[in-house]
Student: 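Pasting a structure here, questions to come.
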Amino acid sequence: MKKIAIYLLFVLLITGFTETVSAQADQVNPMIGTGGDGNTFPGAVLPWGLVSVSPHNSTSPSGYKYGGEKITGFGHVHLSGVGCPAQGSVILLPQTGSLITSPSERGSTYSGEKATAGYYSVHLDQTGITAELTATLRTGLSRYRFPAVKGNFHLVVDAGTSLSERRGGEVKVVSPTEIEGYNLTGGFCGSPVQHKVYFVIQTSKKSIASGTWLGNSVSDEQSVSSADSALGAWFSFKGKAGDTLLVKVGVSYVSIANARENLKTEQKGFNFSKIRKQAVTEWNKVLSRISVKGGRPDEKVQFYTALYHSLIHPGIKSDVTGEYVKMGGAGTGKSKEPQYTVFSLWDTYRTVHPLLNLVYPEKNQEIVRSMLTMAEESGQLPKWELASGETRVMVGDPATIVITEAWLKGNRKFDAEKAWKYLWASATDTLQKKPIRNGLKSYIRNGGWIALDDTTDWIWGPVSTSLEYNLADWHLAEFARGLGKKQEAELLFKRSEGWRRYFDSETGFLRPVKQDGTFLTPFNPDTLETTGQWPGSGGPGYVEGNAWQYTFFVPHDLAGLVTAFGGKKNFLRQLNLAVKKRHLNLSNEPSFSIPFIFNSLPNESHRTQEWLRETLPVLFKNTPDGLPGNDDAGTLSAWFLFSSLGLYPDNPGSGLYQFTSPLWDEISIRPGKKQPPIVIRAHDNSPQNTTVGRRFLNGKQINEYSVDHETLMKGAKLDFFMYDRIVQMTID
C-alpha cells in the first residue's frame, strides 16, 4: 500500500492537470477598479489594443468613475489606471428629442450597466436609448437601440474635447453616412506634449440632416476646425419605433486615410455580434495561458480581471498599413511588426513586464524592439511615452530595467548591441540636452547618489531617484557582463552601491544627505507631503513615499543592506516595525517588493506568506473599489496576480521568483506552444493553512524559497505542502 501511495505521488508530481474552465473571459469583471482610486475603465478593448470604447461620466483619468451621475458620451481611446487625465478622444453620444451638443448639458443618467471582456452596455435613462460597445484592435463598434416611439434621433460627434485640458481639432461631414476628422489632445500630467487622434466614423443608416458645432453654436456647415475650442459634427436620422443604429469608428495616430484603412480592414459591414464574438475569442486566447483551480469564485474573478488589466498596455499604435508616428513626432515610420505606445515604465517594470517575460515572452520581445525603434528615431529610450511623445513623467531609468530583464531572462530576439548603445548613453552621456536621468552629472560625480540640496537639475526626490538609478545600473551591469564588457560592468556595479551613502546607522533609515555631507535635519521618516503639491507626493528626498518604504528599496543588494544594519536582528526589527505599524503602502509601487524581503532572511519566510494571505483579501475585492490604488497601466493588478500565484519577481533582472502562499490549489502557466507548462500545486491549501512547508521542484525536495526563471521555462513542477503554523506551534 505504501509503494502504491508513493507511486501516485510521483505521478502527480510529473504530470500536469486539466483545467475545467474553458472560457476565462467569462471570469473578467471590468468594473473592478472603476471606483475608489483604481482609475480603470469599463469599456470594450482588446489585448494590447489601440481602441477602447468606454463611457465618460467624470473627469477622472479614465473618463469614468463608478457611480458618476451622468454619461456624457462614449470615447474611443483611453488609458487604464493612470494618475492623470488623458486621451478619451472621439466621443459619440446618441440622442432623441432636441439636439444637444454641449458636454455640460448633454449628459444622461443611466442604469443597467453590463461590462465583460470586449463588451459594455448601458441604458441612458433620459432618452431611453440602450448603448452597446465592442472593439477590434484599431476600431470601435457601437449599437444604439432607440425606444419604441416615433421621431427623429441624432448622433453627436465630439471631436474637440477629450479627457485632457487641451481642446481643438477638425471635423468634416463626408457623406450622409460618414464623418472624418481629428482631435488635438495632450498635456498628460502637465507635459507640453500634444498629439492628434484621427478618426473616420461610418453609420449603418443614412442621415437626413447633418452639420457641425463650435462651442455653443450649432450650424448646418459641413466642416469646422479650431485650435482651442470644443467642436464636433452631428447627424439626424429619420426614426421609427424600436430603431437600431450601428456606428463604427476607425482610429489612427497617423492620418484620416489610415483611420479609414483600419476601419476597412478590421470591420466589413456592421456585424455587432461577429465583432463582439471575435473580441471574446481574443481575450480567451491570451487569458487561457494561465489556468487556476481552487479558491473562491470571487477570487477567480479577481484573478482573471487582474490578468485582463495587465494586458491592456502597452498597446499597439501602428496601423494596418504598418505606418505609425515616429517618436517625438518626427514624421511617419513603417514597420512589418507592431509598434507600441503607452509606456508607463516606472510602474510597469516592476510587475507587468516580468509577467510578460514569464507568460507572453514573444509579446514582450516585440515591445522591447518597439522601444529600441523609438530610441533610433529620437536618440533616447522612452521614460513615460504616450502616442509617440515623451512626457518625462516619474523618475529613474526604467527602460534600462525592462530591456535588460528581457535579455537576462533569455528573451533575446532583439539587437543587444543596439540596446547597449542607448542604455549606456542613458547611464553615462551628460551632454544630452534632456537626459533620461535628471541629475546625471551629480550622480556620476558622487559615485551613485545625489544630494538633497543639489541645484544642478530639478530632481524629484533625490534619494528615490538615486535608488532607481542604482537598480538600473545593477541591471545594466549584469547586461554588460553578459556581453563581455567587463570594465563597464565593474563601473556600473560600483555605482549601484550608491545607496550606502544614504544609510544612517543611528536611525536605521536611508536618509537624505546634503552637499556638505550631513544628513537632513530635522528628519521625520513618516512624512509624505512635502515634495509636491498633491497628497502622497513624497516626503523630502522621496517620490510618492517616505523613508520607511525607500529604506528597503535595494532589491539588488539586500545582503548589503542587512550588513549595513549590523545583521539580521537589527534589520528584522526595522522591517517588522514597517509592517506591523502599517508604514507600507501596497497601493503604490515603492512598497511592492517589501513583503517578500522576509524570504531572504533565514527562518522568516513564513512572515511573507501569512501576511500576504491576510492582506490580499483586504486590499483586493470583486467590487468597483476592489483595487487599493491607481492600477497604473496594469501594474497593481499584476502585483496581485504574482502574489496570488505564489511567485514574485522582487528584482526583475535577477531571474528569481520569491515563493509565497498561493491562493490556488493548482496553477498551470503555458508560456507558448513550444514550451512545457509551469505547474504549481498547493497541497492541503485552505484559508487556515497559509504557510508553505515542504517544497518540491520536479519531485525533489528543496530548501530554497525561490526558483529561477530558466528553471521555470523548462517546464517546472512545483509542489508546496501547506500547513497552519500557529496550530503546529501549539502542538509542538
Student: Is it the case that the side chains of Asp125 and Ser111 hold a donor-acceptor pair, with the cut-off being a distance below 3.5 Å and no angle test?
Tutor: yes
Student: Is the distance between the ring centroids of Phe41 and Tyr64 under 6.0 Å?
Tutor: no
Student: With distance as the sole test, does Glu266 use its side chain to make a donor-acceptor pair with the main-chain N or O of Asn262 at under 3.5 Å?
Tutor: no
Student: Give me the ring orientation class for Phe659 and Tyr705: parallel if the planes are under 30° apart, tilted from 30 to 60°, perpendicular past 60°.
Tutor: perpendicular
Student: I'd like to know whether His353 forms a side-chain contact (heavy atoms from CB on, under 4.5 Å) with Leu356, so could you lay out the CA-CA distance, the side-chain angles of the two residues, the decisive distance to 0.1 Å, and finally the verdict.
Tutor: CA-CA 5 Å; His353 290 282; Leu356 296 180; 4.2 Å; yes
Student: I'd like to know if the side chain of His76 pairs up with that of Gln87 as donor and acceptor (distance under 3.5 Å, no hydrogens or angles considered).
Tutor: no
Student: Spell out, as yes or no, whether a donor-acceptor pair under 3.5 Å connects the side chain of Glu385 to the backbone of Val342.
Tutor: yes
Student: Parallel, tilted or perpendicular: which fits the ring planes of Phe642 and Tyr657, with parallel below 30° and perpendicular above 60°?
Tutor: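 Phe642 and Tyr657: tilted rings.
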Student: Tell me if the centroids of the rings in His683 and Phe720 come within less than 6.0 Å of each other.
Tutor: no
Student: Return yes if some donor-acceptor pair links the side-chain N/O of Gln688 with the main-chain N/O of Asp724 below 3.5 Å, else return no.
Tutor: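 Answer holds: no.
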Student: Counting neighbours of CD on Glu69 that are heavy atoms of other residues, nucleotides or ligands and sit closer than 6.0 Å, is the number greater than 12?
Tutor: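 Not buried by this count: 12 neighbours or fewer within 6.0 Å.
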Student: Which of parallel (below 30°), tilted (30 to 60°) and perpendicular (above 60°) describes Phe188 and Trp384?
Tutor: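 The rings of Phe188 and Trp384 sit tilted, inter-plane angle from 30° to 60°.
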Student: For the side chain of Thr660 and the backbone of Ser643, is there at least one donor-acceptor N/O pair under 3.5 Å apart?
Tutor: no
Student: Within 45° of the ring axis of Phe270 and under 6.0 Å from its six-membered ring centre, is that where the NZ or CZ of Lys248 lies?
Tutor: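 Ring-cation test returns yes.
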Student: Can you spot which of Phe598, Phe596, Phe640 makes a ring-ring contact (aromatic ring centres under 6.0 Å, His included) with Tyr648?
Tutor: Phe596
Student: To the nearest 0.5 Å, tell me how far Leu46 CG sits from Glu282 CD.
Tutor: 6.0 Å
Student: Is there a donor-acceptor contact under 3.5 Å linking the side chains of Glu132 and Tyr120?
Tutor: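 Not at all, the side chains of Glu132 and Tyr120 share no donor-acceptor pair under 3.5 Å.
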Student: Can you confirm if the aromatic rings of Tyr360 and Trp48 lie within a centre distance of less than 6.0 Å?
Tutor: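 Here the rings of Tyr360 and Trp48 have centres that are less than 6.0 Å from each other.
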Student: Considering only residues two or more places apart or on different chains, which pairs with a residue in residues 35-44 satisfy side chain to side chain donor-acceptor pair (under 3.5 Å)?
Tutor: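 Not a single pair qualifies under side chain to side chain donor-acceptor pair (under 3.5 Å).
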Student: Does any part of the side chain of Arg289, heavy atoms only, come nearer than 4.5 Å to the side chain of Ile669, both counted from C-beta?
Tutor: no
Student: I'd like to know if the side chain of Trp639 and the backbone of Phe592 have a donor-acceptor N/O pair within less than 3.5 Å.
Tutor: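 Looks like yes, one N/O pair under 3.5 Å.
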Student: With under 30° as parallel and over 60° as perpendicular, where do the rings of His56 and His78 fit, or are they tilted in between?
Tutor: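 Correct class here is perpendicular.
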Student: Mind checking whether Thr139 and Leu50 have side chains closer than 4.5 Å, heavy atoms only?
Tutor: no
Student: Salt bridge or not for Arg145 and Asp243, using N-O below 4.0 Å?
Tutor: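 Salt bridge: no.
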Student: Quick one: does any side-chain atom of Asn183 pair with a main-chain N or O of Ala159 as donor and acceptor, under 3.5 Å?
Tutor: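 Here the side-chain-to-backbone pair exists.
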Student: For the residue pair Ser191 / Thr391, report whether a side-chain donor-acceptor contact shorter than 3.5 Å exists.
Tutor: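 There is no such pair between these side chains.
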